[in-house]
Colleague: 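After the structure tokens below, expect a handful of questions from me.
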Amino acid sequence: MSSHGPLEAIARARVVPVVVVDDAEQGVLVATALRDGGLPVAEVTFRTAGARAAIEAIAREVPDVLVGAGTVVNAAQVDEAVEAGARFLVSPGLSAAVVRRAQEVGVPILPGVATPSDVIAALDLGLDAVKLFPANVVGGPAAVKAFSAPFPGLRFVPTGGVSAANLLDYLALPSVLAAGGSWMVDAALVRAGDTAEIARRTREAVELAASVPNPAEGA
Ligand SMILES: O=C(O)C(=O)C[C@H](O)[C@H](O)COP(=O)(O)O
């Protein structure tokens with residue numbers, strides 16, 4: 001059960017900031033701003049050469065932030081991310097090899113689904129939560145509703161095109177565990193080191209999320 005801890009923390013947080021950073025220093029800066037904004041979660045995407053170092057640095061220097069790895073697309077990256085200290089994994093798509101490796105090492109994974117067939121494959125792998133990606137392209141909140149009908153009990157983390165403007169449309173849906181996105185950690189803000197604006201957008205997201213009931217908090 002302990003491997004489910006991170007997903008429960010994500011369910012409580014309701015928002016998964018998708019972070020693209022070039023190095024450890026940027027990672028620590030962003031993770032600190034997210035925490036200061038009230039959202040102690042960071043999905044660091046494995047898209048940059050510095051991602052691994054950033055995850056290591058966040059795990060070491062900002063330990064109250066739940067750090068995970070995003071854009072994990074092969075089994076070797078599962079190992080690399082977990083060795084670096086990632087406590088959850090996210091992928092844009094569904095690879096059985098990636099999911100199985102994550103299950104072997106006992107770290108929760110949110111693979112991306114975009115079709116009902118992907119969902120069936122995810123259920124076959126024993127998953128009860130998936131990322132819906134790219135959420136805005138596959139139909140937005142209406143797609144989450146449509147996907148939920150044949151798959152009751154499955155929880156979704158819609159990601160792709162989520163922003164402060166549509167966050168609540170997703171979070172209001174009972175099957176939505178959390179929503180993911182990069183809007184509060186926009187690349188230009190990261191490059192500029194604008195931690196005040198990152199924290200401001202983070203607080204705004206946290207306040208929005210708090211305005212709708214959270215199924216993870218019961219009642
Ligand atoms: O590759 C992955 O594993 C990803 O996580 C993709 C990201 O979730 C999206 O790129 C975030 O989408 P935006 O919030 O629209 O920027």
Side-chain angles (χ1 to χ4, degrees), residues 1-46 48 50-72 81-90 102 106-110 129 131 155-159 162-164 167-168 170-171 176-187 189-190 193-218:
M1 285 308 280
S2 63
S3 69
H4 279 84
L7 286 193
E8 278 148 20
I10 287 169
R12 281 194 302 275
R14 304 231 76 196
V15 177
V16 182
V18 177
V19 175
V20 183
V21 289
D22 291 328
D23 55 31
E25 195 188 335
Q26 280 184 356
V28 168
L29 200 92
V30 169
T32 306
L34 289 167
R35 183 199 60 197
D36 292 349
L39 197 50
V41 182
E43 174 195 330
V44 177
T45 62
F46 252 53
T48 59
R52 182 192 173 124
I55 291 171
E56 279 169 354
I58 294 168
R60 189 176 58 241
E61 293 174 38
V62 205
D64 46 346
V65 167
L66 178 72
V67 65
T71 327
V72 173
V82 171
E83 277 163 27
R87 295 175 56 206
F88 67 94
L89 305 169
V90 184
V107 174
I109 180 156
L110 293 165
K131 164 172 163 169
R155 294 179 299 169
F156 294 89
V157 181
T159 306
V162 180
S163 69
L167 176 64
L168 290 187
Y170 288 106
L171 293 186
V176 169
L177 176 80
S182 64
W183 78 96
M184 78 280 286
V185 279
D186 186 88
L189 297 177
V190 175
D194 192 347
T195 51
E197 178 61 10
I198 294 171
R200 188 197 69 74
R201 291 189 189 187
T202 304
R203 267 191 298 276
E204 177 188 50
V206 169
E207 280 162 22
L208 281 169
S211 71
V212 289
N214 181 354
E217 279 164 5

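All values below come from the heavy atoms of this structure, side chains included, with hydrogens, waters and symmetry mates left out.
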Colleague: Of all heavy-atom pairs between Val206 and Gly37, which one has the smallest distance, and what is that distance?
Modeller: CG2-O, 3.8 Å

Colleague: Just verifying a value: how many Å separate Leu7 CG and Arg87 CZ, rounded to the nearest 0.5 Å?
Modeller: 11.0 Å

Colleague: Is the CD atom of Glu61 crowded by more than 12 outside heavy atoms at less than 6.0 Å?
Modeller: yes

Colleague: Would you find a donor on one side and an acceptor on the other, under 3.5 Å apart, between the side chain of Arg14 and the backbone of Asn214?
Modeller: no

Colleague: Please report the interatomic distance OG1(Thr71) to CG(Leu89), rounded to the nearest 0.5 Å.
Modeller: 11.0 Å

Colleague: Got a sec, which residues hit side-chain hydrogen bond (donor to acceptor under 3.5 Å, both in side chains) with Ser182, two or more places apart in sequence or on another chain?
Modeller: none

Colleague: Taking the side chain as C-beta and beyond, is there a heavy-atom pair between Val21 and Val190 under 4.5 Å?
Modeller: yes

Colleague: Please report the interatomic distance CD1(Ile109) to CZ(Phe88), rounded to the nearest 0.5 Å.
Modeller: 11.0 Å

Colleague: Locate the shortest heavy-atom distance separating Val62 from Ala31; write the atom from each residue and the value.
Modeller: CG2-CB, 4.2 Å

Colleague: Are Pro17 and Leu39 packed together at the side-chain level, in the sense that at least one heavy-atom pair is separated by less than 4.5 angstrom?
Modeller: yes

Colleague: How long is the span from the CD1 atom in Ile198 to the CH2 atom in Trp183, to the nearest 0.5 Å?
Modeller: 13.5 Å

Colleague: Do the side chains of Glu56 and Arg52 get close enough for a salt bridge, i.e. N-O under 4.0 angstrom?
Modeller: yes

Colleague: To the nearest 0.5 angstrom, please state how far the CZ atom of Arg155 sits from the CD1 atom of Ile10.
Modeller: 10.0 Å

Colleague: At their closest point, which heavy atom of Pro158 faces which heavy atom of Val176, and how far apart are they?
Modeller: CD-CG1, 3.8 Å

Colleague: Could you tell me the separation between the OG1 atom of Thr195 and the CG atom of Asp36, rounded to the nearest 0.5 Å?
Modeller: 8.0 Å

Colleague: Ignoring hydrogens, what is the shortest heavy-atom contact between Gly27 and Ala54? Give both atom names and the distance.
Modeller: CA-CB, 4.2 Å

Colleague: Does the side chain of Pro6 come within less than 4.5 Å of Leu66's, by heavy atoms?
Modeller: yes

Colleague: With sequence neighbours excluded, what pairs up with Glu197 under the side-chain hydrogen bond (donor to acceptor under 3.5 Å, both in side chains) test?
Modeller: Arg200, Arg201

Colleague: What are the two closest heavy atoms between Ala51 and Val44, and how far apart are they?
Modeller: O-CG1, 4.0 Å

Colleague: Taking side chain to side chain contact (heavy atoms under 4.5 Å, CB included) as the criterion, tell me which of Val16, Val157, Thr159 meets it with Leu110.
Modeller: Val157

Colleague: Test Leu34 against every option in Val15, Val185, Val65, Val41 by the side chain to side chain contact (heavy atoms under 4.5 Å, CB included) rule and name the one that passes.
Modeller: Val185

Colleague: I need the minimum non-hydrogen distance between Ala205 and Leu167, along with the two atoms involved.
Modeller: O-CD2, 3.8 Å

